[in-house]
Amino acid sequence: MGSRRECTRILGLEGYRVDRVEWEADGPRARVRIWIERRGVRGYQCAGCGRRTWRIRDAKARTWDDLPWAEHRVTLVYAQRRVRCRACGIRTERVGFADGHARITRRLRQVIGLDCQSMPTSHAAVRHGVSWSKARRAEKAFLTAWDRTRPRRRPRHLGADEIHRGKRQKFHTVLSDLVHGEVIGLAPERTEESLAGLLTTCLDPRQRAAVEAVCTDMHRPYLNAVAQELPKATVVLDKFHVLQHAGAALDEVRRHEFFRAGPVMRRFGRGKRWLLLRRWKTVRGSKRDELCALFAANRRLFKAYVLREHLDHLWTYKTRDGVATFLWGWLKALRWQRLPEMEKLGDTLVKHFDGIAAFCDHQVRFGVVESLNTTIKGVIRRGRGMKDESILLLKLKWATARPIRSSKDLAKFLYADVHSNR
Ligand SMILES: [Zn+2]
């Protein structure tokens, strides 16, 4: 029958022809089983070493899920040989269209893996008619294959940060490449060991030697780990975190001024926390009036707010002397204000002056630190309940590296190299 040749052409698996087609049921969306056989056989490849041989021990029919034919789900059936390899002994035969042990074809894996990056795994599973666990395995294999073939870069600037993963899993340490804006590694806890482990396992000696600066917050264990593993690198304290400390100090002032000052003031200061933590330039309209009313009621809070806003200018200076002069002026403005919380912040800034001013020598991209944080939070929020850490890391890498930026990139993931046997 001519249709067998047509079927082979539609299936389009290089080196395989369609032997027969079976329908599992009647109806418009029945599953179809396609029996395939090798063609143009030049020996069978050993799955271990790739050597070709004719010495076959036995064969057993195995199945793989493949891309659907219109509405029909497809199962490929192929009698996979077991060969006697000279080097490896008895091994299964290597098939061109799927990885060893995988129960779906490589092209279906690519489609599912890509879909999982823009929709929940459960949706992708329904779309492609596989179980959730099969979809998750496909996604993991897809991301692993992508990660393996990426070039190993030598980042000049690293970022070390903690992420909060909820009450049970607590904190995680994230190591990232700030030049390319990509996540490199993920480790549980936020201890010295976790960061030191990341620095030694995720980076080879060549990569470690290239690091000039590490951007982190004032967390002591991180500073210790950097000093220990990368003695030549400079620590640059992250702007984002310094301003976060300033925000916390401002909040302390608010608490002190309103909540410990009797019921009338307390009622007045209630629900203003987020308003106060916002930057002046992002506050608009009636909210601005609200803020002004708050300041009119309490001058000290106003002073603290102005000081916090003013701290922003610190990062506009280009030299250490400039930064020092600015900080000196800032501390002077603080004097006689009776704001112990802000004074404490001032002490911290002075103590960490070297780290803060280090940005003059190393132009670390603070914006990247912040955008990485946002992306990471987004991925964690979408994948809530994600217990497997290795897939979380792979997803973070994918989300931050953004390998698909054009339709050409997408085509590369869908069509290129799917039949190759690497
Ligand atoms: Zn072999």
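We count ligands from 1, going down the list as the structure has it; atoms in each ligand are counted the same way.
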Within 45° cone and under 6.0 Å: R308 NZ/CZ vs W280 ring |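 No.
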For [X], I'd like to know if atom [atom1] has over 12 heavy atoms of other residues, nucleotides or ligands within 6.0 Å.
X: R279; atom1: CZ; result: yes
X: W54; atom1: CH2; result: yes
X: R86; atom1: CZ; result: no

Under 3.5 Å donor-acceptor pairs involving side-chain atoms of residues 366-380, not counting sequence neighbours:
{"unit_1": "S371", "atom_1": "OG", "unit_2": "V368", "atom_2": "O", "d": "3.2"}
{"unit_1": "N373", "atom_1": "ND2", "unit_2": "D161", "atom_2": "OD2", "d": "3.1"}
{"unit_1": "T374", "atom_1": "OG1", "unit_2": "E370", "atom_2": "O", "d": "2.9"}
{"unit_1": "T375", "atom_1": "OG1", "unit_2": "S371", "atom_2": "O", "d": "2.8"}

Atoms of the protein (N/O/S only) found under 2.8 Å from the Zn ion (ligand 1) |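 Listed by chain and number, the atoms are C46 SG, C49 SG, C85 SG, C88 SG.
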What's the spacing between E252 CD and E257 CD if we round to 0.5 Å?
->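 Rounded to the nearest 0.5 Å, the CD-CD separation comes to 11.0 Å.
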